[in-house]
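Step one of this worksheet: look at the structure below.
Predicted model only: the values in this text are computed from it and were never measured.
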Amino acid sequence: MLDILHQYGMMFLVGSWPNEPMGGFVATLILAGLGMLLSFPLALLLALARVSPWRGLRWPATAWVYAFRGVPLVMIIFWAYFLVPVITGTSISAFHTALCAIVAYESAFLAEIVRAGLQGLPAGQTEAARASGLSYLQTMRHVILPQALLNMLPSLVNQFVSTIKATSIVYVIGVHELTFAAQQVNSIEMTRALQTFGILAAFYFAACFALTRLARLLEQRISHRRLAPA
């Protein structure tokens, strides 16, 4: 295993870069990070619509969340692969196709995290803010959202862990991420698949373990902050 890592370590890390676009583990982190970053504003809008008093907003948001949470990511990737070029009228790269699919998919899961954070706060805070003259949107912006976002940080980090693992499926459309790099190494070596995919698992484990520890640390700090005397 160490021999494979020594020989193909850079391929696992950055793919065939600089001769080709950035790949490997770095591409996995970029894809997962952009997926989370771009899906969060959409998830925030979906969550606000889900908890809003207006039925015309709640129903479409609920349909979006249930639809994308109920479909495997690989199906959404294939839909994006064939549908996005039809919608845009031009072909796009495999990376951007995968990014569109991940944004749609993750927005549904993040929306539920945000909704849980909003609804986890005492209802009295909303009532007090409305009684003081703030509108519904002002209450959400100035009173509820700042507290909810802090409370949901550990869940967001955990979702980032899930996103990193979910990116492993995008190799099916040719995205040069970590799993694609492992497939390339396996095609070259042929007889050392166990060692090759053991290294692949080690990369995912290291990233996910570090982020899980971060989520636990954030959760502990938030709990201590709640228990601290005012």
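- At least one side-chain heavy atom of F40 sits under 4.5 Å from a side-chain heavy atom of L149.
- R50 and R58 make their closest contact through O-CD, 3.4 Å (heavy atoms, listed as atom of the first residue, atom of the second, distance).
- Applying the ring pair (Phe, Tyr, Trp, His ring centres under 6.0 Å) criterion to Y66, with sequence neighbours excluded, gives no partner residue.
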Show me the donor-acceptor pairs, under 3.5 Å and distance only, between side chains in residues 174-184 and residues at least two apart or in other chains.
| from | atom 1 | to | atom 2 | distance (Å) |
| --- | --- | --- | --- | --- |
| H176 | ND1 | E20 | OE1 | 3.2 |
| E177 | OE1 | T179 | N | 3.0 |
| E177 | OE2 | T179 | N | 3.2 |
| E177 | OE2 | F180 | N | 2.8 |
| T179 | OG1 | Y204 | OH | 2.8 |

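- Annotation: the span from I76 atom CD1 to I169 atom CD1 amounts to 12.0 Å, rounded to 0.5 Å.
- For S91 against P85, the heavy-atom pair with the smallest separation is CA-CB, 4.4 Å.
- Annotation: side chain of F209 is not in contact with side chain of V161 (no heavy-atom distance under 4.5 Å).
- Applying the side chain to side chain donor-acceptor pair (under 3.5 Å) rule to R192 yields the partners D3, E189; only residues at least two apart in sequence or on another chain are considered.
- The two residues G35 and L99 have their closest heavy-atom pair at N-CD1, 3.7 Å.
- Here the closest heavy-atom approach between residue L156 and residue M36 is recorded as O-CE, 3.4 Å.
- Using a 4.5 Å heavy-atom threshold, the side chains of V185 and L200 count as separate.
- When every heavy atom of V103 is checked against every heavy atom of S39, the shortest pair comes out as O-CB, 3.4 Å.
- Residue N151 holds its CG atom at 10.0 Å from CG of L118, rounded to the nearest 0.5 Å.
- A heavy-atom distance below 4.5 Å is found between the side chains of F12 and I4.
- Side-chain contact between P154 and R216: absent, with no pair of heavy atoms (C-beta onward) separated by less than 4.5 Å.
- Between T97 and A80, the shortest heavy-atom contact is CG2-C, 3.6 Å.
- Here the CG-OG distance, from L110 to S162, works out to 10.0 Å after rounding to the nearest 0.5 Å.
- The CD1 atom of I199 sits 11.0 Å away from atom CG of N186, with the distance rounded to the nearest 0.5 Å.
- Note that the CG atom of L37 and the CD atom of E106 stand 12.5 Å from one another [nearest 0.5 Å].
- Ring centroids of F203 and F25 are separated by less than 6.0 Å, placing the two rings close together.
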(request) Assess whether side-chain contact (heavy atoms from CB on, under 4.5 Å) is satisfied between V84 and W79, documenting all intermediate values. (result) CA-CA 8 Å; V84 171; W79 287 346; over 6 Å; no

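- In this structure, L211 and I164 have side chains that are in contact, with non-hydrogen atoms separated by less than 4.5 Å.
- Taking the six-membered ring where tryptophan is involved, the planes of Y105 and F109 are tilted, since the angle between them lies from 30° to 60°.
- R115 and Q119 share a donor-acceptor pair across their side chains, judged by distance under 3.5 Å alone.
- Between the CG atom of L34 and the CG atom of L29 there is a distance of 11.0 Å, given to the nearest 0.5 Å.
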Practice task
Go through the steps to decide whether L42 and W64 satisfy the test side-chain contact (heavy atoms from CB on, under 4.5 Å), and finish with yes or no.
Solution key: CA-CA 11 Å; L42 177 57; W64 178 283; 3.8 Å; yes

